> 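Got a structure for you, written out below as structure tokens; questions coming shortly.
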Amino acid sequence: MYLALEESLRHAVAAFVAAHWPDAAPEGPEALAAALVVERPPKAELGDFALPLCFDLARRLRRPPRALAQEIASGLALPSGLARAEAAGGGYLNAFADRAWLFAQAAAAQRDPGLRPALDGKAIVEHTNINPNKAAHIGHLRNAVLGDTFARLLRFRGETVEVQNYIDNTGVQVADVAVGLERLEAGETPGALTTKIHVYEVERRTLADEGAISPAPHFLPLIPERHRATYSFDYFCWDLYARVSRLYAENPASVQWRAAALAAIEQAEEGRSTNSTAEIAALVAGAIVTAHLRTMRRLHIAYDVLPRESEILRLHFWREAFEQMKARGAIRLETAGKNAGCWVMDWRQGEGSAAAGAANTEPDAGGDAGYAAPDDAAKVIVRSNGTVTYVGKDIAYQLWKFGLLGRDFQYRRRQPVDGQTGPWITTAEDGDANHPPFGRARWVFNVIDTRQSYLQEVVQAGLRALGYADEAGRSVHFSYEMVALTPRCARELGYQLSPEEERKSHVEVSGRKGLGVKADDLLDRLLHGAWAEVANRHPELDGAGQLALAGPIATGAARYFLLKFTRNALIAFDFEDALSFDGETGPYVQYAAVRAASILRKAEAAGVQPDPAAGAELLAATDVWDLLSLAARLEATVHQALAAGEPAYVAKYAFQLAQAFNNFYHRRPVLAEEDAGRRAALLALVAVTQRQLAHALELLGMAAPEIM
RNA sequence: GGGCGCGUAGCUCAGUGGACCAGAGCAUCCGCCUUCUAAGCGGAGGGUCGCGGGUUCGAAUCCCGCCGCGCCCGCCA
């Protein structure tokens, strides 16, 4: 309710100011209302809303702020839902919500009408984007969880959202694994590989059946340690990829195999040849994508469509973008200098040129060669050998997202994963004509870590250079800091730290080194921990019953852990913190919801009905009011979280609401309350809290269990 | 050399447009389960908000300058 109340308050105040001091509000009441700042007073006793406008008015009217605040407070026509207004502090105008009104609204499950769509069309949220050549790790998890939660928040606000997960199935990373299979796993042929993947699948399914855990796709805790390496194909590739990287390092001549593999894959994609390397690469990418979808499903993450690099190649998206860029002068052919023969894009005109010029005149005489010399503002888009760079393809793809490329993919449903309908995936031919419309978005949010900031800027510059300044402005790099490992965690994983690494606060995850915490390992350890807790509390349940309770707890713990940090915080991952279920964690929030549900269940069994009517007197108590006012702030919190692009705000909110409820829980034995009216009112508050907590958990992609 | 980000309690982090805004969790110590699930609640100790200036009645918050740390700046992806 707070958003709507705040809105009507702003309008009322603006109307008053415009009517009484027209000179001080030349912009008119509408514009003034929109510009008014509304804060939250430091203490609940001071009210629910605080407007600092009088400090500003005081200057224009040359009158003391406190007197102005008083004048507004006494003359203001209070909108419904607000009880009173008063001057506070040095000149704040504070307003108080009508607590009984708010309670009645909340108990009637009224959603805050102040939260409305703010985007003027469809938003694409692209996240996950994991190279399909190895198991997902916790860094990928942060990306996916952030993106998924952001998409949930947008949808909650009423936006139209399309979630995409881009699959680079023809890149070097996949080629490297193909090399590994062909060269290190002697005799690996497409047929043998198909068998191997099939075996992994069957084995996985068998193990899942033995564990009797149909909802939980992976269940490593039940698997003996020695079998884990062969358990899953993505795990196998994780190790194989590291082995290939080691091979390249130890035997530089072997790097030619990668180039050959890459060329073979490209030829096949362009239809110029069929070859076993390309077939293997396609098998690998397909199987790994399946593994990733399965992993993400454990975290309640799904996608609308999976656009693939292979179709971008086959459908010649780049060729189209290249023509547009040449035609509009976005790129030019360099004829001299180190970039001779390349098509380059000039960007940041006028901005970086001075600095770049200065740097160029100063040869880096004694400097180390470790950093790249500052360049002129030209970015290579097409190499002198005629091939396109990564950014070039990204610009083409970004054009497609906005519907500016003039070409589209075909689409088909992907095979089901664990019985669930598969997402749509791109195809070059024989697509399903009945696919939903994809692309042609108004807004594009690319969830990519902060290390890619530079390239994201180049992509936006590319749109601008093509004359699409608006689209560039609606291209948002939803960036976040990386997940690294504490040295202790790296050691725990069996990694040998160098002396320098030993001193650092964190070490970077590296797929090439095979250094990282696999997403499924984290989830399995959480599941293991949650199961142990559940087994203690519910010895009456059998193993399957206990696991059914443990699954959502593990998922909740993982998601909350990744969401409680703001985007700019670098997460130095350590199992000790991540595996905790105490304090500010997902299970803490879920536990509060369970307690509320338990009260509601018992009340229903006893025939006690919730009723806010007799709550007026109760609402004067701070613990009760703290709880209700927080519960009524869900939409306001979502509003702020979206404005700041910080899902962490919602996580923090859920925790605070759980905290307020736990406090209330210990002070107010609801069902033991003797006065029937008070009991009904307390029960109504429990119901409101339970509902809002469940909403918040849903937004965070977490389950609100009935028992745990 | 340039760009971006970070620096707040022993540790990990909040502080979303200036009022008790110096906070939370963990860790440590002390209490609380015959009463709606103790994955909980209450209490204690613990901080010159990196340093120095500036703006303001008022700055962790805004501006400038330092210091330290991280990431990025390729005809790799």
Side-chain angles (χ1 to χ4, degrees), chain A residues 37 39 41-43 46 50 52 55 88-92 131 168 171-173 334 338-344 348 352 355-356 358-360 362 364 367 371-375 379-385 387 389-391 393-394 449-455 457 479 481-482 484 486 504-506 508 530 533-534 536-538 553 557 564-566 568-572 574 576-577 580-592 594-596 598-603 606 637 640-641 643-644 646 648-649 652 655-656 659 662-663 665-672 683 686 707-708:
Chain A
V37 173
E39 300 169 3
K43 290 201 127 187
L46 291 172
F55 296 107
Y92 278 92
N131 272 309
D168 183 5
V172 282
Q173 303 221 24
E334 193 79 83
K338 67 182 176 92
N339 290 337
C342 298
W343 285 88
V344 303
R348 282 185 160 174
N360 277 348
E362 218 154 353
D364 191 39
Y371 74 89
D375 203 3
K379 178 78 192 164
V380 173
I381 303 296
V382 178
R383 304 180 188 102
S384 53
N385 69 2
T387 59
T389 59
Y390 177 71
V391 236
K393 276 189 273 193
D394 251 21
D449 78 63
T450 180
R451 288 172 290 192
Q452 302 267 4
S453 297
Y454 169 72
L455 288 167
E457 274 184 65
S479 78
E481 260 293 352
M482 62 179 165
T486 62
K504 294 194 172 184
S505 61
H506 57 85
E508 236 178 289
E533 283 283 342
V534 170
N536 272 334
R537 291 151 199 265
H538 298 285
I553 297 168
K564 72 174 175 181
F565 298 92
T566 49
N568 278 339
L570 187 153
I571 300 179
D574 197 282
E576 195 178 309
D577 304 327
S580 167
F581 295 155
D582 301 325
E584 197 192 338
T585 65
Y588 176 96
V589 181
Q590 291 173 315
Y591 191 65
V594 164
R595 283 176 148 177
S598 174
I599 295 176
L600 295 173
R601 211 167 38 237
K602 298 216 159 152
T637 304
Q640 287 173 324
E646 284 289 9
Y649 291 177
K652 191 67 77 180
F655 173 65
Q656 285 169 347
Q659 232 179 2
N662 276 331
N663 180 23
Y665 181 88
H666 281 271
R667 286 176 187 234
R668 311 267 177 181
V670 176
L671 298 179
L683 193 60
V686 173
I707 56 172
M708 65 185 270

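We name chains A, B, ... by the order of the sequence lines, and we start the count at 1 in each one. In this text, all values refer to a predicted model and were calculated from it rather than measured experimentally.
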> Kindly point out which of B:C36, B:C41, B:A77 is positioned nearest to the side chain of A:Pro669?
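Closest nucleotide to the A:Pro669 side chain: B:C36.
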
> Does the ring of A:Tyr92 meet both stacking tests against the six-membered base ring of B:A19: centre distance under 5.5 Å and plane angle under 30°?
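A stacking contact exists, since A:Tyr92 sits close and nearly parallel to the base ring of B:A19.
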
> What nucleotide among B:C73, B:C71, B:C75 has an atom nearest to a side-chain atom of A:Tyr454?
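Ranking B:C73, B:C71, B:C75 by closest atom to the A:Tyr454 side chain puts B:C73 first.
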
> Rounding to the closest angstrom, what is the interatomic distance between B:G47 and B:C51 at atom P?
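B:G47 and B:C51 have their P atoms separated by 15 Å.
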
> Which is it for B:C33, anti or syn, if anything within 90° of zero counts as syn?
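Classified syn.
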
> Report the distance from atom OH of A:Tyr390 to atom P of B:C73, rounded to the nearest whole Å.
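In whole Å, B:C73 P lies 12 Å from A:Tyr390 OH.
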
> Using atom P in both nucleotides, what's the gap between B:G54 and B:A9 to the nearest angstrom?
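After rounding to an integer number of Å, I get 26 Å for this pair.
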
> Nearest of B:A77, B:A14, B:G42 to any side-chain atom of A:Thr566?
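Per side-chain heavy atoms of A:Thr566, the pick is B:A14.
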
> From A:Leu671 CG over to A:Leu600 CG, what is the distance, rounded to the nearest 0.5 angstrom?
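Result: 9.0 Å between the selected atoms.
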
> Roughly how far, to the nearest 0.5 Å, is NZ of A:Lys652 from CD of A:Gln659?
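Separation between the atoms: 9.5 Å.
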
> Working note: A:Thr387 + A:Asn385, criterion side chain to side chain donor-acceptor pair (under 3.5 Å); need CA distance, chi angles, decisive distance, verdict.
CA-CA 6 Å; A:Thr387 59; A:Asn385 69 2; 2.7 Å; yes

> Using the side-chain heavy atoms of A:Leu570, tell me which of these nucleotides is nearest: B:A39, B:G70, B:A38.
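So the side chain of A:Leu570 is nearest to B:G70.
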
> B:C76 and B:C63: how far apart are their P atoms, nearest whole angstrom?
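Result for the P pair: 39 Å, nearest Å.
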
> Please determine whether a side-chain nitrogen or oxygen atom of A:Asn663 lies at a distance below 4.0 Å from atom OP1 or OP2 of B:C41.
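It does not, given that no N or O in the side chain of A:Asn663 lies less than 4.0 Å from OP1 or OP2 of B:C41.
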
> Tell me whether the side-chain N/O atoms of A:Tyr649 come closer than 4.0 Å to OP1 or OP2 in B:G15.
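Result: yes.
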
> Report which part of the nucleic acid A:Arg667 touches: base, sugar-phosphate, or nothing (heavy-atom distance under 4.0 Å, all strands).
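The residue A:Arg667 makes no contact with any strand.
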
> Between B:A24, B:A77, B:A39, which nucleotide has the shortest distance from any of its atoms to the side chain of A:Gln452?
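The answer is B:A77.
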
> The side chain of A:His666 lies closest to which of these nucleotides: B:G40, B:C72, B:C75?
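Of B:G40, B:C72, B:C75, B:G40 is nearest to the side chain of A:His666.
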
> Report each atom pair, protein N/O against N/O of nucleotides 4-10 of chain B, whose distance is under 3.5 angstrom.
unit_1, atom_1, unit_2, atom_2, d
B:G5, O3', A:Asn568, ND2, 3.4

> Expressed in angstrom and rounded to an integer, what is the separation of A:Asn662 atom CG from B:C33 atom P?
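Between P of B:C33 and CG of A:Asn662: 18 Å.
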
> After noting the C-alpha distance and the side-chain angles of A:Lys393 and A:Asp168, does the key distance pass the side-chain contact (heavy atoms from CB on, under 4.5 Å) rule?
CA-CA 11 Å; A:Lys393 276 189 273 193; A:Asp168 183 5; 6.0 Å; no

> Between atom CZ in A:Arg451 and atom C1' in B:A77, what is the gap in whole Å?
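The answer, rounded to whole Å, is 13 Å.
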
> Taking 4.0 Å as the cut-off, does a side-chain nitrogen or oxygen of A:Arg595 come that near to OP1 or OP2 on B:A38?
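Indeed, a polar side-chain atom of A:Arg595 lies that close.
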
> Considering every strand shown, what is the Watson-Crick or G-U wobble mate of B:G1 when both distances are under 3.5 Å?
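For B:G1, the partner nucleotide comes out as B:C73, under the 3.5 Å rule.
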
> Given B:A19, B:C36, B:C13, identify the nucleotide with an atom nearest to the side chain of A:Phe565.
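Output: B:C13.
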
> Let's test this: given Watson-Crick or G-U wobble pairing with both distances under 3.5 Å, identify the partner of B:G7.
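The answer is B:C67, by the H-bond criterion.
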
> Please give, in whole Å, the distance from B:C11 P to A:Asp577 CG?
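Result: 13 Å.
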
> Looking at B:G46, which nucleotide sits across from it as a Watson-Crick or G-U wobble partner, both distances under 3.5 angstrom, or is there none?
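Checking every strand shown, B:G46 finds no partner, since no pair has both distances under 3.5 Å.
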
> Is the phosphate of B:G42, meaning OP1 or OP2, less than 4.0 Å from a side-chain N or O of A:Tyr665?
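The answer is no; no side-chain N or O of A:Tyr665 sits under 4.0 Å from OP1 or OP2.
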
> With P as the reference atom in both, quote the distance from B:G10 to B:G17 in angstrom, rounded to an integer.
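Roughly 28 Å separates the two P atoms.
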
> Any chance you could measure A:Leu570, atom CG, to A:Met482, atom CE, to the nearest 0.5 Å?
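The CE atom of A:Met482 is 5.0 Å from CG of A:Leu570, to the nearest 0.5 Å.
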
> Return the value, rounded to whole Å, for the distance between atom CD of A:Gln656 and atom C1' of B:A14.
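In whole Å, B:A14 C1' and A:Gln656 CD are 9 Å from each other.
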
> Find the distance A:Lys652:NZ to B:G23:C1' and express it as a whole number of Å.
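It is 9 Å, rounded to the nearest whole Å.
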
> Using the C1' atoms only, state how far B:C75 lies from B:C67, rounded to an integer number of Å.
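After rounding to an integer number of Å, I get 38 Å for this pair.
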
> Please enumerate all residues that pass salt bridge (charged side-chain N to carboxylate O under 4.0 Å, His left out) together with A:Asp574, with sequence neighbours excluded.
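For A:Asp574 the salt bridge (charged side-chain N to carboxylate O under 4.0 Å, His left out) partners, ignoring immediate neighbours, are A:Arg488.
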
> Is any side-chain nitrogen or oxygen of A:Arg383 closer than 4.0 Å to OP1 or OP2 of B:A77?
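So the side chain of A:Arg383 is within the cut-off, an N or O lying under 4.0 Å from OP1 or OP2 of B:A77.
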
> Can you tell me how far CG of A:Asn568 sits from OG of A:Ser479, rounded to the nearest 0.5 angstrom?
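Rounded to the nearest 0.5 Å, the OG-CG separation comes to 6.0 Å.
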
> State the pairing partner of B:A24; accept Watson-Crick or G-U wobble contacts with both distances under 3.5 Å, and report none otherwise.
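Here B:A24 is engaged in a pair, and the nucleotide opposite it is B:U12.
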
> Look at the side chain of A:Ser453 and the backbone N and O of A:Thr450, then say whether any donor-acceptor pair between them is shorter than 3.5 Å.
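Answer holds: yes.
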
> Scan every strand shown for a Watson-Crick or G-U wobble partner of B:C62, both distances under 3.5 Å, and answer none if you come up empty.
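Per the H-bond distance test, B:G54.
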
> Taking only the side-chain heavy atoms of A:Asp582 (C-beta and beyond), determine which of B:A19, B:G42, B:G40 contains the nearest atom.
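Shortest atom-to-atom distance from the side chain points to B:G40.
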
> Can you check the distance between B:G31 and B:G52, where both ends of the measurement are the C1' atom (answer in whole Å)?
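My reading of the C1' atoms in B:G31 and B:G52 gives 46 Å.
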
> Measuring to OP1 and OP2 of B:G70, would you say a side-chain N or O of A:Lys504 lies under 4.0 angstrom away?
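Yes.
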
> Please report, rounded to the nearest Å, how far the C1' atom of B:A14 is from the CZ atom of A:Phe655.
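In whole Å, B:A14 C1' and A:Phe655 CZ are 11 Å from each other.
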
> Could you please spell out the steps behind the side-chain contact (heavy atoms from CB on, under 4.5 Å) verdict for A:Val534 and A:Ile553?
CA-CA 10 Å; A:Val534 170; A:Ile553 297 168; 4.0 Å; yes

> Should the ring pair A:Phe655 and A:Tyr588 be called parallel, tilted or perpendicular, given that the plane angle runs from 0 to 90° and is split at 30 and 60?
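Taking A:Tyr588 first and then A:Phe655, their aromatic rings sit tilted (interplane angle of 30° to 60°).
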
